[in-house]
Student: 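One structure, pasted below without further comment.
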Amino acid sequence: VYIMADKQKNGIKAVVSTQSTGKRRFGPYFVEPVVAGLDPKTDEPFIASTDLIGCPMVTNDFVVSGTCLEQLYGMCETLYKPDMAPDELFECISQALLNAQDRDAYSGWGGV
């Protein structure tokens with residue numbers, strides 16, 4: 001049903017993640033999973049995330065998760081461009097993560 005509604009086979013991975021965390025919406029599992037991988041047939045990248053209550057967000061460019069969510073969105077929207085080289089992408093991720101967590105006192109002293 002999900003494949004027919006969204007025309008995305010990869011969306012199933014995000015739905016499975018959503019259902020596994022959403023079963024206990026108001027229970028002990030408060031996580032914001034990020035699902036990333038490659039399609040085994042086409043090698044196309046897939047990335048998605050879910051919020052605390054299990055609402056999926058499937059996108060083609062980037063997803064963010066964590067306590068400095070708003071700051072990460074701002075940094076990623078500023079620094080990210082499509083079709084970046086691997087070194088350029090690594091620098092973009094590093095700068096976005098470091099600068100976003102520096103602007104959020106709740107994030108602590110670093111990122112994982």
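All residue numbers refer to positions in the sequence shown, counting from 1.
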Student: Count the heavy atoms belonging to other residues, nucleotides or ligands that lie under 6.0 Å from CG of D43, then report whether that count exceeds 12.
Tutor: yes

Student: Nearest heavy-atom pair of T50 and P56: which atoms, and what distance?
Tutor: CG2-CA, 3.9 Å

Student: Working to the nearest 0.5 Å, report the span between CD of Q71 and CG of L97.
Tutor: 12.0 Å

Student: To the nearest 0.5 Å, what is the distance between OG on S94 and CG on L79?
Tutor: 10.5 Å

Student: Going hydrophobic residue to hydrophobic residue with side-chain gaps under 4.5 angstrom, can you get from L98 over to L69?
Tutor: no

Student: Please report the interatomic distance CE(M57) to CD(E32), rounded to the nearest 0.5 Å.
Tutor: 11.0 Å

Student: Counting only heavy atoms from other residues, nucleotides and ligands, does the tally under 6.0 Å from OH of Y80 exceed 12?
Tutor: yes

Student: Roughly how far, to the nearest 0.5 Å, is SG of C68 from OH of Y73?
Tutor: 12.0 Å

Student: Nearest 0.5 Å, please: how far is CG in L89 from NZ in K81?
Tutor: 11.0 Å

Student: To the nearest 0.5 Å, tell me how far L72 CG sits from E77 CD.
Tutor: 11.0 Å

Student: Show your reasoning for whether side-chain contact (heavy atoms from CB on, under 4.5 Å) applies to L38 and F46.
Tutor: CA-CA 6 Å; L38 295 173; F46 172 79; over 6 Å; no

Student: Please name all residues satisfying side-chain hydrogen bond (donor to acceptor under 3.5 Å, both in side chains) with T59, sequence neighbours left out, ordered by chain then number.
Tutor: D61

